[in-house]
Amino acid sequence: MTKIEILQMLAKGWFGNSQQHAIQAQLLKYRGFNKLAEKIMAESDEEWEEAKKVNYRLIELGVTPKVELQEYPVFTDVKEMLEYDCKDSAEALPEMSKALTLFEDDYITRNMIQQFIVDEQDHFDWVRTHLSLIEEIGMENYLIEQMGD
């Protein structure tokens with residue numbers, strides 16, 4: 001895969017993830033899980049910004065970004081949503097780390113991807129923590145914790 005293809009893949013993924021997480025957050029908020037909805041909406045906003053950064057970098061490199069969307073599942077079950085995010089992050093982290101080797105001669109892009117890896121690792125850790133919390137206190141108690149302001 002070329003550098004440009006990797007950047008296009010990142011932009012495509014973040015645009016899709018952003019939309020997916022925005023919908024998930026709206027569903028959660030509608031059900032009264034405001035704390036969880038806020039976190040997921042913040043994730044959506046962050047992914048949107050990351051996609052824009054990648055597209056801007058593509059433009060700086062002389063490439064017109066493509067508009068390609070892919071389908072992402074929308075979950076009504078909170079645990080399934082978190083498990084999907086956990087799996088998605090677990091797969092994305094090594095791929096992004098591997099991509100870094102292609103950008104050794106491009107400090108700007110390399111630095112950008114390194115920051116994306118840090119953000120993705122933080123999200124992965126957060127999701128794993130919440131899945132562990134569900135296992136520890138049960139789904140009903142977890143959902144009660146996610147209600148409120």
Side-chain angles (χ1 to χ4, degrees), residues 1-134 142-143 145-146 148-149:
M1 193 173 277
T2 69
K3 293 178 185 181
I4 299 303
E5 289 170 334
I6 287 171
L7 290 174
Q8 289 171 331
M9 181 187 67
L10 288 173
K12 178 181 171 181
W14 276 311
F15 277 128
N17 277 350
S18 176
Q19 183 181 25
Q20 176 197 37
H21 283 127
I23 293 167
Q24 301 273 156
Q26 291 166 334
L27 286 168
L28 291 165
K29 187 170 183 68
Y30 179 78
R31 293 171 62 197
F33 305 127
N34 295 331
K35 291 179 186 176
L36 188 55
E38 285 178 28
K39 171 64 178 165
I40 300 302
M41 187 56 79
E43 185 68 22
S44 170
D45 294 342
E46 184 178 304
E47 289 162 342
W48 182 255
E49 290 304 315
E50 289 170 339
K52 291 190 313 185
K53 286 178 186 175
V54 172
N55 279 336
Y56 190 75
R57 185 65 185 143
L58 283 165
I59 291 167
E60 288 177 328
L61 295 171
V63 176
T64 301
K66 294 180 182 179
V67 178
E68 291 183 54
L69 301 177
Q70 63 190 56
E71 288 189 35
Y72 284 86
V74 175
F75 299 95
T76 55
D77 182 277
V78 172
K79 188 174 180 187
E80 285 180 10
M81 176 194 73
L82 293 172
E83 288 171 340
Y84 179 86
D85 269 8
C86 190
K87 180 180 178 285
D88 195 41
S89 290
E91 292 171 358
L93 283 164
E95 290 301 316
M96 286 192 286
S97 295
K98 208 165 53 174
L100 278 178
T101 60
L102 290 174
F103 295 96
E104 289 187 8
D105 61 340
D106 179 351
Y107 174 76
I108 294 169
T109 306
R110 183 176 175 76
N111 187 44
M112 181 179 69
I113 292 173
Q114 284 173 325
Q115 186 56 53
F116 293 160
I117 291 169
V118 169
D119 294 343
E120 191 66 30
Q121 183 66 52
D122 288 345
H123 178 67
F124 180 63
D125 293 343
W126 181 88
V127 171
R128 284 191 327 184
T129 298
H130 280 252
L131 285 170
S132 294
L133 188 58
I134 290 169
Y142 175 79
L143 292 175
E145 285 291 318
Q146 298 309 313
D149 299 334

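Along the sequence shown, residues are numbered consecutively beginning with 1. The structure presented is a predicted model; accordingly, all values stated were derived computationally and were not measured.
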- prompt: Is Glu83 salt-bridged to Lys87, cutoff N-O under 4.0 Å?
  reply: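 Between Lys87 and Glu83 there is no salt bridge, as every charged N stays at least 4.0 Å from the carboxylate O atoms.
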query: Are the charged groups of Lys35 and Glu38 less than 4.0 angstrom apart, N to O?
result: no
- request: Would you please test Met81 and Leu28 for side-chain contact (heavy atoms from CB on, under 4.5 Å) and show each step?
  value: CA-CA 11 Å; Met81 176 194 73; Leu28 291 165; 4.1 Å; yes
task: Would you tell me whether Gln115 and Asp119 have side-chain atoms, one donor and one acceptor, within less than 3.5 Å of each other?
output: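 Side chains of Gln115 and Asp119: pair found under 3.5 Å.
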query: Is it the case that Tyr72 and His21 place a side-chain donor and acceptor less than 3.5 Å from each other?
result: no
task: May I ask you to decide if Val74's main-chain N or O and Gln20's side chain share a donor-acceptor pair within less than 3.5 Å?
output: no
- prompt: Tyr84 vs Phe75 aromatic rings, parallel, tilted or perpendicular, using cut-offs 30° and 60°?
  reply: tilted
- request: Would you check, one step at a time, whether the test side-chain contact (heavy atoms from CB on, under 4.5 Å) holds for Leu61 with Lys3?
  value: CA-CA 10 Å; Leu61 295 171; Lys3 293 178 185 181; over 6 Å; no
Could you grab the distance from atom [atom1] of [X] to atom [atom2] of [Y], nearest 0.5 Å is fine?
{"X": "Glu46", "Y": "Asn17", "atom1": "CD", "atom2": "CG", "value": "11.0 Å"}
{"X": "Asp85", "Y": "Ser89", "atom1": "CG", "atom2": "OG", "value": "6.0 Å"}
{"X": "Arg110", "Y": "Leu102", "atom1": "CZ", "atom2": "CG", "value": "10.0 Å"}

task: Taking all non-hydrogen atoms of both residues into account, name the closest pair between Thr109 and Arg57 and its distance.
output: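 That would be OG1-NE, 2.7 Å.
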For Ala11 against Ala51, the heavy-atom pair lying closest together: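 Where Ala11 meets Ala51 most closely, the heavy atoms are O-CB, 3.9 Å.
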